[in-house]
Amino acid sequence: MAQFGGNGFNKSHSAAYALLAYQTAYLKTHYPVEYFSALMTSESGDTDKIIRYIGYCRRRGSRSSRRT
């Protein structure tokens with residue numbers, strides 16, 4: 001058990017973070033409008049981040065930044 005505490009804990013967490021990073025990159029690439037809509041909703045209290053995300057969407061030419 002002590003051996004697992006030395007390396008196993010770190011390896012299991014790094015595997016979980018790698019999976020999360022892969023899923024995030026997949027969603028950002030294949031579903032950018034939905035991804036940034038969810039991201040902006042989760043950061044709705046921080047206008048600086050919202051402005052930064054909108055700027056990123058505009059530079060990418062994403063539909064999420066266009067007015068309808």
Roughly how far, to the nearest 0.5 Å, is OH of Y35 from OG1 of T24? 5.5 Å
K11 backbone acceptor or donor facing S14 side chain under 3.5 Å: yes
Quick one: list whatever passes salt bridge (Lys or Arg N to Asp or Glu O under 4.0 Å) with K28, sequence neighbours left out. none
Spatial distance of atom CG (L39) from atom CZ (F36) [nearest 0.5 Å]: 6.5 Å
Excluding sequence neighbours, so at least two apart, what forms ring-ring contact (aromatic ring centres under 6.0 Å, His included) with Y31? none
If you measure from CD on E34 to OG on S37, what distance do you get to the nearest 0.5 Å? 6.5 Å
Quick note, salt bridge (charged side-chain N to carboxylate O under 4.0 Å, His left out) partners involving residues 36-52, not counting sequence neighbours, are E43-K49
Would you name the heavy atoms of M40 and I50 that are closest together and state the gap between them? O-CD1, 3.2 Å
